[in-house]
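Below you'll find the structure, written out as structure tokens, and then a few comments.
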Amino acid sequence: MDHHHDGGENDYMQQEDDWDRDLLLDPAWEKQQRKTFTAWCNSHLRKAGTQIENIEEDFRDGLKLMLLLEVISGERLAKPERGKMRVHKISNVNKALDFIASKGVKLVSIGAEEIVDGNAKMTLGMIWTIILRFAIQDISVEETSAKEGLLLWCQRKTAPYKNVNIQNFHISWKDGLGFCALIHRHRPELIDYGKLRKDDPMTNLNTAFDVAEKYLDIPKMLDAEDIVGTARPDEKAIMTYVSSFYHAFSGAQKAETAANRICKVLAVNQENEQLMEDYEKLASDLLEWIRRTIPWLENRTPEKTMAAMQQKLEDFRDYRRLHKPPKVQEKCQLEINFNTLQTKLRLSNRPAFMPSEGRMVSDICNAWGRLEGAEKGYEEWLLNEIRRLERLDHLAEKFRQKAAIHEAWTEGKEDMLQQKDYETASLSEIKALLKKHEAFESDLAAHQDRVEQIAAIAQELNELDYYDSPSVNARCQRICDEWDALGGLTQKRSEALQRTEKLLETIDQLYLEFAKRAAPFNNWMEGAMEDLQDTFIVHTIEEIQGLSTAHEQFKATLPEADKERQAILGIHNEIAKIVQTYHVNMAGTNPYTTINPQEINAKWDKVRQLVPQRDQALIEEHARQQNNERLRKQFASQANVIGPWIQTKMEEIGRISIEMHGTLEDQLTHLRQYEKSIVNYKPKIDQLEGDHQLIQEALIFDNKHTNYTMEWKLATIIFAFKWKIREIQLLTTIILTRDAKGISQDQMNEFRASFNHFDRDHSGTLGAEEFKACLISLGFDIANDAQGEAEFARIMSIVDPNRLGVITFQAFIDFMSRETADTDTADQVMASFKVLAGDKNYILADELRRELPPDQAEYCIARMAPYTGPDAVPGALDYMSFSTALYGESDL
């Protein structure tokens with residue numbers, strides 16, 4: 001909406017409106033106006049704690065516009081709308097425009113919508129209108145107002161400056177000297193005007209702007225570059241900025257005018273009245289100083305701290321050195337001024353000066369006398385009080401030191417005394433803890449003197465009225481309470497340690513007794529278990545009866561052993577009872593033994609378990625030994641009959657072997673008869689052997705009922721049969737060899753006798769040396785030299801080809817036969833078979849049966865291969881391959 005206001009009250013603005021209308025929309029000065037108007041607005045808005053950045057944007061909602069008007073007018077506007085909608089913003093701007101119109105301002109073509117829409121030129125025009133109304137309108141100088149009044153004020157203030165000529169609000173200000181002259185006229189100390197040059201406008205302008213901003217609180221509304229670089233600076237911007245100078249200096253100008261007027265009116269009486277006022281003031285000040293000082297000097301209230309008391313002394317010395325001498329001078333000057341004033345009044349026929357009541361010279365002298373009286377003795381009191389506080393400070397420091405030492409010593413002592421470390425300690429550790437505690441008790445007793453000293457110092461501080469006695473008493477009480485608590489805890493710990501020591505000593509004695517009795521009892525049980533589990537080896541009834549008797553004696557000791565076990569377990573139970581009753585926390589096991597009750601009970605149960613097993617084993621062994629005794633008697637009854645018979649037969653066989661009467665055939669016949677008699681007696685020997693088998697199975701190794709053992713019987717039988725077989729075989733071999741080799745009976749007997757002679761161990765074999773001796777006895781020339789050794793080695797390779805080191809009788813006979821008789825060959829045997837076959841290359845079974853003994857004929861028939869030659873007939877046998885096979889030249 002547009003605002004139009006008519007009336008006579010607006011006439012004074014008519015000329016401004018006409019001048020303004022042409023320039024309102026001129027873009028040349030828009031930049032300068034924007035900066036200047038923004039700075040002017042902020043200079044007022046900052047009083048409300050806010051600012052604007054963009055003049056056309058920040059006033060769009062009307063809120064800061066209304067706030068600006070409230071600040072510059074000092075009045076409250078209608079309550080603004082807080083909504084964000086366009087209608088709310090227009091409402092706020094209209095309220096601001098209505099307020100401006102209410103102040104007699106005619107707004108031309110400025111509506112709320114343009115401001116809300118951010119129309120820059122309309123916004124600048126509105127702000128200029130506000131500036132005119134509230135910053136320039138009220139300026140009045142010698143019947144001129146507003147713009148002309150402001151221009152006239154500038155001309156009057158800059159008149160003394162010859163290089164300044166203010167004729168307008170644009171080009172007259174381009175060199176900056178006008179601004180500097182305004183500042184220098186009112187505040188010459190701010191600018192050294194003599195150093196400014198007209199040809200340096202940038203420096204001048206920046207100097208004026210900076211000084212105004214820093215010292216006059218006039219914001220920097222213009223840029224020096226814009227003013228210098230513009231042919232005609234913006235008049236509105238210059239007027240706005242200059243109006244700030246007017247308002248800044250107008251108050252000082254009014255005071256100056258008033259002072260000049262007062263000086264003119266009071267010029268005559270000023271000097272005398274000034275003297276009266278000076279006297280009154282000086283007298284009043286002196287009396288006031290005396291009035292304030294006397295109570296201070298009469299104050300004997302002691303300070304609490306040494307520092308405060310020393311400060312009192314220092315203040316007193318300052319009083320004498322600094323404060324009192326000027327007052328003495330003032331008192332003298334006061335008397336001089338009074339006499340001078342009275343003289344001037346008398347000379348000028350004026351009435352004599354009568355000071356106010358109580359401010360006569362006599363009143364001042366009386367007050368001064370009281371001051372001197374109060375001052376007397378103050379310093380001595382101060383020194384005495386300082387000495388007292390020094391004593392108190394010394395005692396207090398001594399108290400703090402001793403208390404700190406004591407508190408440092410007691411730190412952690414309560415926790416140490418309340419430790420339950422003895423509950424898990426061993427006896428040796430308890431004794432160590434006791435010694436440590438005894439040392440602590442000695443240390444505690446030594447600190448008793450310090451506690452008493454602390455209490456005595458605290459008492460003295462109380463008696464001397466120490467200012468910090470409450471904290472001293474509280475600390476002393478804490479120390480005493482803590483000391484009493486330490487004493488109680490010390491006694492309690494001592495009792496606990498001694499009680500624990502006694503309990504652990506008792507337990508230790510019980511442990512030792514347990515170990516002393518448990519060790520032998522444990523060894524006894526281990527020995528008993530070993531004996532009860534020992535595999536006994538007995539061979540007679542008497543031995544098993546001895547074991548049974550010993551076992552019964554052992555069982556008789558079991559009740560007494562059980563009592564010992566109960567006693568040992570009782571010791572352990574007593575330990576457990578002490579532990580449970582007195583809540584002893586045992587740190588470990590019995591230090592004297594690793595044996596425990598569980599182990600004793602387990603071994604005892606094992607012994608009790610093994611006893612009946614041992615009983616059963618002894619009963620079974622007793623029955624077995626009874627059976628063994630029966631077997632012994634049964635074996636002995638037979639062995640005592642068979643033994644002599646075997647012994648007799650052995651003697652007879654021995655004689656046959658030695659005598660060798662008759663022919664070889666006779667000896668063989670005789671041996672076969674003994675063989676028959678032995679074979680006929682064999683059933684009895686077999687029965688004896690069966691009994692011996694039972695004895696062996698029963699592991700019976702001796703028999704007191706007979707001297708004949710089965711080992712002797714077997715050895716004899718084996719020897720007899722071996723000898724019999726060997727003799728029979730030997731005689732058979734000798735006979736065959738004799739018949740085959742053509743060796744005479746006498747030669748064979750000689751060979752046999754020599755062999756038996758050197759076969760001293762009757763083993764049927766000769767060693768190498770025995771064989772050598774036998775050969776020498778038979779006439780062999782084996783010299784004891786290298787040649788003889790070589791010959792004997794050759795013979796040994798024949799008789800012992802496997803290098804066994806022994807020569808059998810058969811090998812001996814074979815060697816002797818080859819040495820003494822002709823030897824049959826395979827060709828000779830083949831020739832003999834050819835004679836029997838009727839000169840054929842084969843032989844028939846019937847021919848063999850007819851010419852040879854039956855057994856030899858059957859031997860040949862069984863071993864001869866069928867003849868496969870071209871002249872073979874059914875049943876033909878190959879005697880040629882058979883003959884070569886007999887001498888190892890082919891296989892049978």
List, one per line, each side-chain donor-acceptor pair under 3.5 Å for residues 790-797, sequence neighbours excluded.
residue: Glu791; atom: OE1; partner: Arg794; partner atom: NE; Å: 3.3
residue: Glu791; atom: OE2; partner: Arg794; partner atom: NE; Å: 3.3
residue: Glu791; atom: OE2; partner: Arg794; partner atom: NH2; Å: 2.5
residue: Ser797; atom: OG; partner: Arg794; partner atom: O; Å: 2.5

Minimum heavy-atom distance between [X] and [Y], given as atom pair plus value:
X	Y	answer
Gly805	Asp800	N-OD2, 2.7 Å
Met529	Val607	CG-CG2, 3.5 Å
Ser883	Val829	OG-CG1, 3.6 Å
Val799	Ala811	O-CB, 3.7 Å
Asp508	Pro591	OD1-CG, 4.3 Å
Ile843	Tyr879	N-CD2, 3.8 Å

Gap separating the [atom1] atom of [X] from the [atom2] atom of [Y], nearest 0.5 angstrom:
X	Y	atom1	atom2	answer
Thr808	Phe755	OG1	CZ	7.0 Å
Leu504	Gln509	CG	CD	12.0 Å
Asn522	Thr594	CG	OG1	8.0 Å
Thr506	Ile575	OG1	CD1	10.0 Å
Lys577	Gln580	NZ	CD	10.0 Å
Trp604	Gln609	CH2	CD	13.5 Å

With sequence neighbours excluded, residues passing side chain to side chain contact (heavy atoms under 4.5 Å, CB included) with [X]:
X	result
Asn601	Arg565, Leu569
Lys420	Tyr422, Glu423
His705	Glu629, Arg632, Lys633, Ala636, Asn703
Pro612	none

Query raised in the report: What pairs of residues pass the salt bridge (charged side-chain N to carboxylate O under 4.0 Å, His left out) test when at least one of them lies in residues 852-861, not counting sequence neighbours?
Result: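 Those involving residues 852-861 are Arg849-Glu858.
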Query raised in the report: Can you check ring-ring contact (aromatic ring centres under 6.0 Å, His included) on Phe521 and Phe514, steps first, answer last?
Result: CA-CA 10 Å; Phe521 185 72; Phe514 178 89; over 10 Å; no
Requested in this report: Could you walk me through whether Gln613 and Leu532 pass side-chain contact (heavy atoms from CB on, under 4.5 Å), step by step?
Outcome: CA-CA 8 Å; Gln613 296 177 6; Leu532 290 171; over 6 Å; no
Considering residues at least two apart in sequence or located in another chain, which fulfil the salt bridge (charged side-chain N to carboxylate O under 4.0 Å, His left out) criterion with [X]?
X	answer
Glu543	none
Lys555	Glu552, Asp615
Lys502	none
Arg517	Glu513, Glu564

Requested in this report: Verify whether one side chain among Glu621 and Gln625 offers a donor that lies under 3.5 Å from an acceptor in the other.
Outcome: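 Yes, Gln625 and Glu621 have a side-chain donor paired with an acceptor closer than 3.5 Å.
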Query raised in the report: Is a side-chain donor-acceptor pair under 3.5 Å present for Ser881 with Asp878?
Result: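 Asp878 vs Ser881: donor-acceptor pair found between side chains.
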Query raised in the report: Restricting to pairs with a member in residues 553-572, which pass ring pair (Phe, Tyr, Trp, His ring centres under 6.0 Å), not counting sequence neighbours?
Result: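 Pairs touching residues 553-572 that pass the test: Trp524-Phe554.
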What pairs of donor and acceptor atoms, side-chain ones from residues 764-777 against any protein atom, are under 3.5 angstrom apart with sequence neighbours left out?
residue: Thr765; atom: OG1; partner: Ser763; partner atom: OG; Å: 3.0
residue: Glu770; atom: OE1; partner: Gly767; partner atom: N; Å: 2.8
residue: Lys772; atom: NZ; partner: Glu789; partner atom: OE2; Å: 3.2
residue: Ser777; atom: OG; partner: Cys774; partner atom: O; Å: 2.5

Query raised in the report: Which is it for Leu512 and Asn590 under the side-chain contact (heavy atoms from CB on, under 4.5 Å) test, yes or no, and what are the steps along the way?
Result: CA-CA 8 Å; Leu512 182 59; Asn590 192 327; over 6 Å; no
Query raised in the report: So do the side chains of Ile544 and Leu618 get within less than 4.5 Å of each other, counting heavy atoms only?
Result: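 Result yes, sub-4.5 Å side-chain heavy-atom pair found.
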Query raised in the report: Got a salt bridge between Glu620 and Arg624, using NZ or NE/NH1/NH2 to carboxylate O under 4.0 Å?
Result: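 Salt bridge absent between Glu620 and Arg624.
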Report task. Please step through side-chain contact (heavy atoms from CB on, under 4.5 Å) for the pair Met880 and Phe882, ending with a clear verdict. Result -> CA-CA 5 Å; Met880 294 183 185; Phe882 178 75; over 6 Å; no
